[in-house]
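Note on naming: letters A, B, ... go to the chains in the order of the sequence lines (proteins, then strands), and numbering restarts at 1 for each one. What you see is a predicted model; the values in this text were computed from it and never measured.
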Amino acid sequence: SQTIHQWPATLVQPVGSPLSLECTVEGTSNPNLYWYRQAAGRGLQLLFYSVGIGQISSEVPQNLSASRPQDRQFILSSKKLLLSDSGFYLCAWSVDGTSTDTQYFGPGTRLTVL
Amino acid sequence: AQSVAQPEDQVNVAEGNPLTVKCTYSVSGNPYLFWYVQYPNRGLQFLLKYITGDNLVKGSYGFEAEFNKSQTSFHLKKPSALVSDSALYFCAVNNAGNMLTFGGGTRLMVKP
């Protein structure tokens, strides 16, 4: 069966520091991968998605970037964190990225920027 | 463009009573609709989805949802609520490939 991991689970970082969040998927090949941010415990905003190694699509221009160095690894980064980057970051995967495809979510990373 | 509305921020129900969490959608073309549940400080768990066919979709943990094309709705239901069903519920729509659009979420509180 497929599993998705995210780490770290929680992170507290000062403003201006760098960020690296990691997501890995097991039990599948060539998944579509997604990064979402959930602010204030409610709505989810799609940040990035990837259909393959090195292929990244950005949905919202911002202080963050994403990379996919390996088939089942998706990384969210920032060079300098802002207070507004605080939130709950969720990684998800799907089989083929079609409209009927189900996205499956990881456990999330809670980021607090102070 | 596609959008989802969850008109209730919170739904309160007594344990053992039926529950309904409302969702309406707006899409051009065929709507593919999803429900997810989120427990505190956890990721989203997939409950069920509607693609085509029978308007009543059955999912995990005894939940079901009814697709109503004329009312553009996809309400989540359960015949008998449990305290453990208390969580945040999200409706989502997708008819644009990788663009899954979520509603704002509804907090379900089931009281003993």
Query raised in the report: Is it true that the NZ or CZ of Lys78(B) lies under 6.0 Å from the centre of Phe63(B)'s six-membered ring and within 45 degrees of the ring axis?
Result: yes

Requested in this report: Please confirm whether Arg37(A) makes a cation-pi placement over Tyr89(A), using NZ or CZ under 6.0 Å from the six-membered ring centre and within 45° of the ring normal.
Outcome: no

**Report entry** Name of the residue among Glu59(A), Gln103(A), Gln45(A) meeting side-chain hydrogen bond (donor to acceptor under 3.5 Å, both in side chains) with Tyr36(A)
**Finding:** Gln103(A)

Report summary line: Assert top hit (heavy-atom pairs under 4.5 Å, partner chain A, pool Leu100(B), Thr106(B), Thr101(B)) equals Leu100(B)

Report summary line: Heaviest contributor of heavy-atom pairs below 4.5 Å to chain A, chosen from Met99(B), Gln45(B), Gln6(B), is Met99(B)

**Report entry** Distance flag, aromatic centroids of Phe48(A) and Trp35(A), threshold under 6.0 Å
**Finding:** no

Query raised in the report: By a 4.5 Å heavy-atom criterion (distance strictly below it), what part of Thr102(A) contacts chain B: side chain, backbone, both, or neither?
Result: both

Query raised in the report: Heavy-atom distance under 4.5 Å to chain B: side chain of Asp101(A), backbone, both or neither?
Result: backbone

Query raised in the report: Who among Leu90(A), Leu44(A), Thr98(A), Thr10(A) has the most heavy-atom pairs with chain B under 4.5 Å?
Result: Leu44(A)

Query raised in the report: Should the ring pair Tyr50(B) and Phe67(B) be called parallel, tilted or perpendicular, given that the plane angle runs from 0 to 90° and is split at 30 and 60?
Result: parallel

Query raised in the report: Which answer fits Leu44(B), side chain, backbone, both or neither, if we ask what part of it has an atom under 4.5 Å from a heavy atom of chain A?
Result: both

Report summary line: So, the part of Asp9(B) with a heavy atom under 4.5 Å from chain A: the answer is both

Query raised in the report: Would you call Glu66(B) and Lys77(B) a salt bridge, taking side-chain N to carboxylate O under 4.0 Å as the test?
Result: yes

